[in-house]
Amino acid sequence: MADVTTPEDIAARVPSWVPKETFPYLAHTEGGTSLRALVRGAGVHASTVLRQVRALEARREDVLVDSFLNRLGERVQAEPGEKANPSKPDDLSEADLIEEACRVLVPMCDPRAVMAVVVDMEKAVVVREDDDGNTTRKAVVARNVAEAMALKGWISCDAPGRILKYRITQIGRGALGRFMAKAENRAFGFAETQAGFDFADSGRRGEGEVGSDADQNAKARFQSTETPLGLLARRRDREGKPFLTPDLVSVGERAHEDFVLAGLPAQPDEGCEQFTARADQGADPASGEAARARARLIGALNDLGPGLGDAVLRCCCAHEGLEMTEKRMGWSARSGKIVLRIALQRLKRHYAELGDQGSLVG
């Protein structure tokens, strides 16, 4: 075995994106370095190193994490100059990992989406399940990518079994937001926190499509959980009450679902009335669920009318940022959240009047 004993030696032998907290663990388990020596070299309290080692050891119950650490261990023990096996994680660069993460984590932000992993399969698949138990495939993931995402803590498994189901974590959501923001900055060079959303052709991306254009980078960002509804739902007033109650968030999600199911094209500079007029003219009664979703959305927006309908169309359906909506509509700063809450209250009444037809579709 090669003389690999320090975390620095480990860092030189593994991909640059591997979390630093794995270095002491690999130095101890694969390099044979004692915990006492690791403490001396790190210059930290012994409990810090011990905690890192124990934490990684506990995570090996995760099949993906264990598999990846095993392959990292093989790499650590390889002799200097030994040719890397193509299946080893060295072939996954940081840039490739980030690109794959953006492609995979975006659909996983859907609460009903999971990454399904079969222990002996080389690929994983992201699927979304509806109320009837039917699943729709959203993305196919290479095994080493899934392993890397698990090691980074971006996904986690709900329960063990032959078919493992992984969901996106808060760490994964945060990483996705950073990646999307950087991509937008490179593409647009803008300084605003929230950019406008070109939501033409929204909700009609095909399975496995990634896209590297600037509009797809923006779309991916606004499909993450950091939507206006999500942000406002986490806000609290002085009494600790949420700015948006769960029932209001639910009706906003219903509008977004109909928007996606209908596959309606829209334009950023288009008002609610223009949007519904065009959508109504293009209605196709033979198109099944898409036509029904289109009719429901048009009915809801017509009931809300201009202003309130614009707030729902932009913030709920297209996930446009509140600041951008205020600018496009000519509203005063920080008024968008008030308009949106009023719109959601009216939308709740509209769906209540529809009865069973007003519940979430899937």
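Model, not experiment: these values are computed from the prediction.
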Under the 3.5 angstrom rule, does the side chain of [X] hit a backbone N or O of [Y] as a donor-acceptor pair?
{"X": "Thr276", "Y": "Cys272", "result": "yes"}
{"X": "Asp96", "Y": "Leu92", "result": "no"}
{"X": "Glu94", "Y": "Trp17", "result": "no"}
{"X": "Thr169", "Y": "Gly153", "result": "yes"}

[atom1]-[atom2] distance between [X] and [Y], expressed to the nearest 0.5 angstrom:
{"X": "His28", "Y": "Leu56", "atom1": "NE2", "atom2": "CG", "result": "11.5 Å"}
{"X": "Ile168", "Y": "Asp110", "atom1": "CD1", "atom2": "CG", "result": "11.0 Å"}
{"X": "Arg112", "Y": "Lys138", "atom1": "CZ", "atom2": "NZ", "result": "12.0 Å"}
{"X": "Glu129", "Y": "Thr136", "atom1": "CD", "atom2": "OG1", "result": "10.0 Å"}
{"X": "Lys337", "Y": "Leu344", "atom1": "NZ", "atom2": "CG", "result": "14.0 Å"}
{"X": "Leu347", "Y": "Gln345", "atom1": "CG", "atom2": "CD", "result": "11.0 Å"}

**Asked** For the hydrophobic clusters of this structure (ILVMFWY residues joined by side-chain heavy atoms under 4.5 Å, transitively), does one cluster hold both Val141 and Val118?
**Response**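 No.
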**Asked** Are Met121 and Val140 co-members of a hydrophobic cluster defined by side-chain heavy atoms under 4.5 Å apart?
**Response**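 Shared cluster, no.
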By salt bridge (charged side-chain N to carboxylate O under 4.0 Å, His left out), which residues pair with [X], not counting sequence neighbours?
{"X": "Arg349", "answer": "none"}
{"X": "Arg235", "answer": "none"}
{"X": "Lys152", "answer": "none"}
{"X": "Lys241", "answer": "Glu239"}

Kindly state each residue pair satisfying ring pair (Phe, Tyr, Trp, His ring centres under 6.0 Å) with at least one member in [range], sequence neighbours excluded.
{"range": "residues 96-115", "result": "none"}
{"range": "residues 94-123", "result": "none"}
{"range": "residues 137-170", "result": "Trp154-Phe179"}
{"range": "residues 106-149", "result": "none"}

**Asked** Within a radius of less than 6.0 Å around CD of Glu353, do more than 12 heavy atoms belonging to other residues, nucleotides or ligands occur?
**Response**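 Yes, enclosed.
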**Prompt:** CD of Gln274: more than 12 outside heavy atoms within 6.0 angstrom?
**Reply:**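 Counting other residues, nucleotides and ligands, CD of Gln274 exceeds 12 neighbours.
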Write down the atom of [X], the atom of [Y], and the distance for their closest heavy-atom approach.
{"X": "Cys316", "Y": "Leu340", "answer": "SG-CD1, 3.9 Å"}
{"X": "Val312", "Y": "Ala255", "answer": "CG1-CB, 3.9 Å"}
{"X": "Ala150", "Y": "Asp62", "answer": "CB-OD2, 4.5 Å"}
{"X": "Arg143", "Y": "Val117", "answer": "NH1-CG1, 4.3 Å"}
{"X": "Phe243", "Y": "Leu232", "answer": "CB-O, 3.5 Å"}
{"X": "Met108", "Y": "Val126", "answer": "CG-CG1, 3.8 Å"}

**Asked** Below 4.5 Å, heavy atoms only, C-beta onward: do Leu176 and Cys109 meet side chain to side chain?
**Response**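 Leu176 vs Cys109: side chains touch.
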**Message:** When you compare the side chain of Arg60 with that of Asn70, does any pair of heavy atoms fall below 4.5 Å?
**Reply:**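 They are in side-chain contact.
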**Item:** With Val339 via side chain to side chain contact (heavy atoms under 4.5 Å, CB included) - residues at least two apart
**Value:**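 Val339 satisfies side chain to side chain contact (heavy atoms under 4.5 Å, CB included) with Leu308, Ala311, Trp331 only.
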**Prompt:** Taking only residues two or more places apart in sequence or in another chain, which ones pass side chain to side chain contact (heavy atoms under 4.5 Å, CB included) with Ala116?
**Reply:**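 If we apply the side chain to side chain contact (heavy atoms under 4.5 Å, CB included) test to Ala116, skipping adjacent residues, the hits are Val125, Ile163.
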**Prompt:** Is it true that Arg103 and Glu100 have a side-chain N and a carboxylate O under 4.0 angstrom from each other?
**Reply:**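 Yes, charged N to carboxylate O under 4.0 Å.
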**Prompt:** Would you call Glu323-Lys327 a salt bridge at under 4.0 Å N-O?
**Reply:**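 Salt bridge flag = no for Lys327 with Glu323.
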**Message:** According to salt bridge (Lys or Arg N to Asp or Glu O under 4.0 Å), does anything in residues 298-309 pair up with another residue at least two apart or in another chain? List the pairs.
**Reply:**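 Qualifying pairs, neighbours excluded: Asp303-Arg346.
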**Message:** Test side-chain contact (heavy atoms from CB on, under 4.5 Å) on Leu72 and Leu151; report intermediate values, then the result.
**Reply:** CA-CA 11 Å; Leu72 285 177; Leu151 182 64; 4.1 Å; yes
**Request:** For Thr135, check side-chain hydrogen bond (donor to acceptor under 3.5 Å, both in side chains) against everything at least two apart and list the hits.
**Result:**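 Thr135: no side-chain hydrogen bond (donor to acceptor under 3.5 Å, both in side chains) contacts found.
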**Prompt:** Which is it for Cys317 and Leu297 under the side-chain contact (heavy atoms from CB on, under 4.5 Å) test, yes or no, and what are the steps along the way?
**Reply:** CA-CA 10 Å; Cys317 297; Leu297 180 60; 4.0 Å; yes
**Request:** Take Met324 and Arg314 through the test side-chain contact (heavy atoms from CB on, under 4.5 Å) and record every step on the way to the result.
**Result:** CA-CA 9 Å; Met324 184 57 66; Arg314 293 182 174 280; over 6 Å; no
**Prompt:** Strictly by modelled atom types, are Arg59 and Tyr25 linked by a side-chain donor-acceptor pair under 3.5 Å?
**Reply:**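 Tyr25 and Arg59 do not have a side-chain donor-acceptor pair below 3.5 Å.
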**Message:** Would Asp310 and Phe275 count as a side-chain contact (heavy atoms from CB on, under 4.5 Å) here? Give the steps.
**Reply:** CA-CA 10 Å; Asp310 288 298; Phe275 170 81; over 6 Å; no
